[in-house]
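Single-structure report; data block below.
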Amino acid sequence: VLEWRFPVRLESFSIRRGSGGKGKWSGGAGTVRELRFLEDMTVSLLTGHRRVPPFGLEGGEDGECGRNWIVRANGHREDLEGCDRAEVHPGDILVISTPSGGGYGKAEADREAAE
């Protein structure tokens, strides 16, 4: 649907395996999307957890922060803020790496080491 509505191509969509916070129950993994632009456009982003990681609970570790960047057609990389705007051109790729979830509870190894 995205490719039907906008002049973009979804280059990849993957899971950030192992990115969730460790714990008795690990947090969920984040994802990575890469969108290639086919025409000049303006990109506006409103994304969260780019500076402060999703917190763990009851001894679980924090998840990983997300990141956003553009890889220009010439290979130059431009990092973006969580709330940002950028002009893109044909061949540029927007990469959105979403945050992962925080873990819940102390991991078994952590509990054994504490005892």
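Every value quoted in this text rests on a predicted model; they were computed, and no experiment measured them.
Here the side chain of T98 pairs a donor or acceptor atom with the backbone of T31 at under 3.5 angstrom. Panel note: side chain D84, backbone L45; no donor-acceptor pair is recorded below 3.5 Å. The backbone N or O of P53 lies less than 3.5 Å from no partner atom in the side chain of E64, so there is not a single donor-acceptor pair. Looking at D62, its side chain does come within 3.5 Å of a backbone N or O of G56 through a donor-acceptor pair.
Legend: residues meeting salt bridge (Lys or Arg N to Asp or Glu O under 4.0 Å) with E81, ordered by chain and number and at least two apart, are R51. Scanning for side-chain contact (heavy atoms from CB on, under 4.5 Å) contacts around L2 gives F6, V8, L35, with sequence neighbours left out. In this structure E58 satisfies the side-chain contact (heavy atoms from CB on, under 4.5 Å) test together with Y104, sequence neighbours excluded. Partners of R67 under the salt bridge (Lys or Arg N to Asp or Glu O under 4.0 Å) rule, at least two apart in sequence or in another chain, do not exist in this structure. With sequence neighbours excluded, the residues that form a side-chain hydrogen bond (donor to acceptor under 3.5 Å, both in side chains) with S97 are R16. Scanning for salt bridge (Lys or Arg N to Asp or Glu O under 4.0 Å) contacts around R50 gives an empty result, with sequence neighbours left out. Under the side-chain contact (heavy atoms from CB on, under 4.5 Å) criterion, P7 pairs with L38, E39, M41, not counting sequence neighbours. In this structure S26 satisfies the side-chain hydrogen bond (donor to acceptor under 3.5 Å, both in side chains) test with no other residue, sequence neighbours excluded. In terms of the side-chain hydrogen bond (donor to acceptor under 3.5 Å, both in side chains) criterion, residue partners of T42 (sequence neighbours excluded) are, by chain and number, E87. Annotation: salt bridge (Lys or Arg N to Asp or Glu O under 4.0 Å) contacts of E34 (sequence neighbours excluded): none. Residues that satisfy the side-chain hydrogen bond (donor to acceptor under 3.5 Å, both in side chains) test with R77, not counting sequence neighbours, are D79.
Within the model, atoms NE2 of H76 and CH2 of W69 stand 14.0 Å from one another, a figure rounded to the nearest 0.5 Å. Residue D92 holds its CG atom at 8.5 Å from CG of D40, rounded to the nearest 0.5 Å. Between T47 atom OG1 and L80 atom CG the span is 8.5 Å, to the nearest 0.5 Å. In this structure, the separation between CD1 on I70 and NE2 on H89 is 9.0 Å, given to the nearest 0.5 Å. The distance from atom CD of E11 to atom CZ of R36, rounded to the nearest 0.5 Å, is 4.0 Å.
Closest approach of S19 and A29 over heavy atoms only: OG-CA, 3.4 Å. Shown here for G28 and S100, the closest heavy-atom pair between the two residues is O-CB, 3.1 Å.
Cluster note: V52 groups with no other residue, as no ILVMFWY side-chain heavy atom lies under 4.5 Å from it.
Cluster membership check: L10 shares its hydrophobic cluster with I96, using side-chain heavy-atom separations under 4.5 Å among Ile, Leu, Val, Met, Phe, Trp and Tyr. Note on F55 and W25: same hydrophobic cluster, where clusters join Ile, Leu, Val, Met, Phe, Trp and Tyr whose side-chain heavy atoms are under 4.5 Å apart, directly or indirectly.
Between P99 and P54 the shortest side-chain heavy-atom distance falls below 4.5 Å. With contacts defined as side-chain heavy-atom distances shorter than 4.5 Å, the pair E3/R9 qualifies.
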Problem set entry | Intermediate values then yes/no, salt bridge (charged side-chain N to carboxylate O under 4.0 Å, His left out), E61 and K22 | CA-CA 5 Å; E61 294 180 10; K22 305 296 182 241; over 6 Å; no
Exercise. Is there a side chain to side chain contact (heavy atoms under 4.5 Å, CB included) between L94 and V88 once you walk through the steps?
Worked result: CA-CA 9 Å; L94 171 66; V88 292; 5.9 Å; no
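The 12-atom threshold is exceeded at CZ of R72, counting heavy atoms of other residues, nucleotides or ligands nearer than 6.0 Å.
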